There are 2 protein chains.
Amino acid sequence: MADGPTITTIAERAGVSIASVSRVLNGLPTRQETVRKVMAAADELGYVRNAVARSLKSRRTHQVAFAMADIGNPAYLAMLREIQPVLKAAGYRLVLHSTDAVAADEIDVLHSLGERYVDGLIMSPLRVTETHLRMLATARAPVVIIGSVPDGTPVDNVRADSRTGVRLAIDHLHMLGRRRIGMVNGPLDTVPGAARGAAYREALAAVGLPYEEKLVEIGDFYRAEGRRAVETLLRRVPDIDALMCANDLIALGALDVLRAAGKRVPQDVAVVGMDDTDLAAASWPSLTSVSLGSAERGKAAAELLLDRLQHGDREPRLVTVLPRLVVRASTAGEGSEGGRSS
Amino acid sequence: MADGPTITTIAERAGVSIASVSRVLNGLPTRQETVRKVMAAADELGYVRNAVARSLKSRRTHQVAFAMADIGNPAYLAMLREIQPVLKAAGYRLVLHSTDAVAADEIDVLHSLGERYVDGLIMSPLRVTETHLRMLATARAPVVIIGSVPDGTPVDNVRADSRTGVRLAIDHLHMLGRRRIGMVNGPLDTVPGAARGAAYREALAAVGLPYEEKLVEIGDFYRAEGRRAVETLLRRVPDIDALMCANDLIALGALDVLRAAGKRVPQDVAVVGMDDTDLAAASWPSLTSVSLGSAERGKAAAELLLDRLQHGDREPRLVTVLPRLVVRASTAGEGSEGGRSS
DNA sequence: TTGTAGGCGTTATCAG
DNA sequence: CTGATAACGCCTACAA
């Protein structure tokens, strides 16, 4: 752990100037003899370039940050799994932030962009405040937002279409004959919470079902909250026959509660989740879920960012990923597993 | 995205020297009037410290790297979930690497430590080669290894005890009356593969069962490989009555195949996984699994590293995390879920 | 082809 | 208390 050699050390050892060392190290035209001497010295000393000094000079860190709302949510991990290799292939390191959906932490990340320790940022905020927008407008490095931002915000944006997603789920449940379809949502002041709540209402209308407040319960996007919410809902509407859950974690909480209450899934109550995470396929019974394309969104975000890092300014771009209903046992019964329809 | 202000910009604006600006920004004793002027200028300009320049000078980046073998394996994600908050709380950023268990990539990470873009490294190698050891011995920043390294390697080390873990599982299966207990392992040239293979043999001996080669199948630590291996095993030994799988992904693959083959779990074949990932609790049937304490190991690793970053040199330390058998439906039958015993 | 020197943005030393 | 000034390690004109 001794202090490492620098180009100065090498220069002395090889009996040349630091400029020559730098040239050799960067493959610039140099006399063979000099190249040899420098390489030899570098090898013997076990020289490794100092990335920090290099960044200071070049104004590029070859690092990109990914700020996710909740590192414990497999939907974000699915994004991470796609983002990482794309960046790695392009020679970028990935710096991770978990903001726990705390707006202040997100602002913090945005702020720290100014510190220039990364060349760009991919961010997935749950709430988008005025402050977010102001900071995005003045960010000192390219930002890609996974989630929705108002039109005109000068950043690249990758969106899910949870509205259509909810619609697919409700149609499915309706076709299965369900008529008392409840919704377990996350906070309404979050972007996804608001979108999914509105979509639920719309989708019910589309199939001719009335919207009833008693069928809706708001919690948070975690499994424990899902349990709590479904307990409440079940007490209020004992004969509820379907549950549209705003994400898979909530849906798993629902399965827990239903099992404990002796309700059969899907015979008594059908359950649909959202995000189609690994957990959906592995749960018991396996969970019908609306895929919002977490993986695709992650990949698209990484590619948008890379493109901007490489080709600089251009119009902000918007990518929308289409949802897909993945039908499994929690709505389709024992027999049919893994069927897919769009 | 214009070029940001530097302390020089501020100095000009405030009519003081850059030295004074630096002092104010770092809270060193300064005249009130100067403080005011500098802060005002900094605010107006929206100044943010340049982390790169700061690192060059201070020789600290406040970044730590985590190199995991497979970002798609929930066991590593469980570690990540613990590591991240610990580092964050201490003011460190986390840089992520996924090496996909390719030794060359791991060497690469170790090598890039010399670039000094991080202050330390947590690494979880599947294979430990001579080169690994040589590089660990000369690493230019503190390294914590999650996994086993030979005694005497000058790094902090957090270990699981998969030997005892396998033993717990085999005892459990034996007590349930299983006598043809197969093993689906990962590559034997990996540290965990070797350990678990040997442990299986030992554990069988301990309960008085013979070791039979036909009961063992080697694949890789992925679900698809688990499927393949179990298909082979099932063809070779149709009346096998239990499967010890080297991790949860393999075990899920086993469940897939058994279901397709019309075998009931656990009545016909009992299945045990390892790592006790989220997937184990959520699978169908839920999976009995040996917890090797992924979360605890991650946390311990982060704490060891922080401690070393803060208190410098000391003897390398070894932390061993104890395994725990988590019994679920895949061995205990429909009725009993989530029981725990050590 | 090579070396000298300046600068990237900070921090820290040392006179004033 | 403040202002020059010299590092930190590297890259790159520019001059030799």
Side-chain angles (χ1 to χ4, degrees), chain A residues 2-42 45-63 112-119 140-141, chain B residues 2-39 41-42 45-63 91 112-119 140-141:
Chain A
D3 247 34
T6 71
I7 52 171
T8 308
T9 332
I10 299 183
E12 285 165 2
R13 177 99 163 211
V16 299
S17 72
I18 62 168
S20 288
V21 175
S22 177
R23 273 184 220 109
V24 172
L25 262 25
N26 290 301
L28 296 177
T30 317
R31 188 159 43 119
Q32 267 313 309
E33 172 61 9
T34 311
V35 172
R36 218 188 32 66
K37 282 192 295 187
V38 169
M39 293 309 252
L45 293 167
Y47 173 79
V48 182
R49 244 204 223 91
N50 183 316
V52 176
R54 175 168 242 234
S55 293
L56 178 57
K57 182 69 192 175
S58 69
R59 294 154 165 283
R60 291 202 135 223
T61 60
H62 293 281
Q63 294 193 151
S112 72
L113 248 196
E115 293 181 1
R116 308 194 150 280
Y117 69 93
V118 287
D119 297 339
R140 297 227 174 84
Chain B
D3 247 34
T6 71
I7 53 171
T8 307
T9 332
I10 299 182
E12 285 166 2
R13 177 99 164 213
V16 299
S17 72
I18 62 166
S20 288
V21 175
S22 178
R23 273 184 220 108
V24 172
L25 261 25
N26 290 303
L28 297 177
T30 316
R31 185 158 46 115
Q32 266 314 310
E33 173 62 7
T34 311
V35 173
R36 218 189 31 68
K37 281 192 295 187
V38 169
M39 292 308 251
L45 293 168
Y47 172 78
V48 182
R49 244 205 227 87
N50 183 316
V52 176
R54 173 169 244 229
S55 293
L56 178 57
K57 184 68 193 168
S58 67
R59 294 154 164 282
R60 293 202 133 223
T61 61
H62 293 281
Q63 293 192 153
S112 72
L113 249 195
E115 293 181 2
R116 309 195 149 280
Y117 69 93
V118 287
D119 297 339
R140 297 230 172 81

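Heavy-atom basis, side chains included; hydrogens, waters and symmetry copies ignored. In the text below, chain A, chain B and the rest are named by the order of the sequence lines, each starting its count at 1. Predicted, not measured: the structure shown is a model, and the values here were computed from it.
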Report task. Under 4.0 Å between any heavy atoms, over every strand shown, what does Thr34(B) touch: base, sugar-phosphate, or nothing? Just pick one. Result -> sugar-phosphate
Requested in this report: Could you tell me the separation between the CD atom of Gln32(B) and the C1' atom of dT2(D), rounded to a whole number of Å?
Outcome: 15 Å
Query - Distance, rounded to the nearest Å, where Arg54(B) contributes CZ and dT11(C) contributes C1' - result: 9 Å
Query raised in the report: With respect to the side chain of Arg31(B), which nucleotide from dT10(C), dC1(D), dC10(D) is positioned closest?
Result: dC1(D)
Query raised in the report: Within a reach of under 6.0 Å around CD of Glu33(A), are more than 12 heavy atoms found that belong to other residues, nucleotides or ligands?
Result: yes
Query raised in the report: Under 4.0 Å between a side-chain N/O of Asn50(A) and OP1 or OP2 of dC8(D), yes or no?
Result: no
Query raised in the report: Lys57(B) has an atom NZ; how far is it from atom P of dA12(C), in whole Å?
Result: 7 Å
Requested in this report: Using a heavy-atom cut-off of under 4.0 Å over every strand shown, decide if Arg23(B) touches base, sugar-phosphate, or nothing.
Outcome: base
Query raised in the report: Do Thr9(B) and Tyr47(B) come close enough that some side-chain heavy atom pair is under 4.5 Å?
Result: no
Query raised in the report: Taking atom P of dG3(D) as reference, at what distance in whole Å does atom CD of Glu33(B) sit?
Result: 12 Å
Report task. Between Ile18(A) and Ala19(B), just flag the one whose closest nucleotide in DNA chain D comes earlier from the 5' side. Result -> Ala19(B)
Query raised in the report: Reckon Tyr47(B) has a side-chain N or O less than 4.0 Å from the OP1 or OP2 of dT10(C)?
Result: yes
Query - Rounded interatomic separation in angstrom, taking CZ from Arg116(B) and C1' from dC10(D) - result: 15 Å
Query raised in the report: If you look at every strand shown and take non-hydrogen atoms under 4.0 Å, does Thr30(B) touch a base, only sugar-phosphate, or nothing?
Result: sugar-phosphate
**Report entry** d(CZ, Arg140(B); C1', dG9(D)) in whole Å
**Finding:** 14 Å
Query raised in the report: Below 4.5 Å, heavy atoms only, C-beta onward: do Thr61(B) and Arg116(B) meet side chain to side chain?
Result: no
Report task. Look at the side-chain N and O atoms of Ser22(B) and state whether any lies under 4.0 Å from the OP1 or OP2 oxygen of dT11(C). Result -> yes
**Report entry** Thr6(A) side-chain N/O to dG9(D) phosphate OP1/OP2 under 4.0 Å
**Finding:** no
Query raised in the report: Tell me: CZ of Arg36(B) to C1' of dC1(D), nearest whole Å?
Result: 16 Å
Requested in this report: Round to the nearest Å and state the distance from Asn26(A) atom CG to dA13(D) atom P.
Outcome: 12 Å
Query raised in the report: Touch check for Val16(B), heavy atoms < 4.0 angstrom, all strands: base, sugar-phosphate only, or nothing?
Result: sugar-phosphate
Query raised in the report: Under a 4.5 Å cut-off applied to non-hydrogen side-chain atoms, are Ile18(A) and Ser22(A) in contact?
Result: no
Report summary line: Taking for Ala53(B) and for Leu25(A) the nucleotide of DNA chain D with the nearest heavy atom, the one nearer the 5' end belongs to Ala53(B)
Query raised in the report: Looking for any heavy atom pair under 4.0 Å, which part of the strands does Ser20(A) touch: base, sugar-phosphate only, or nothing?
Result: sugar-phosphate
Report task. Could you pull out the closest heavy-atom pair between Gln63(A) and Tyr117(B), with the gap in Å? Result -> OE1-CD1, 3.7 Å
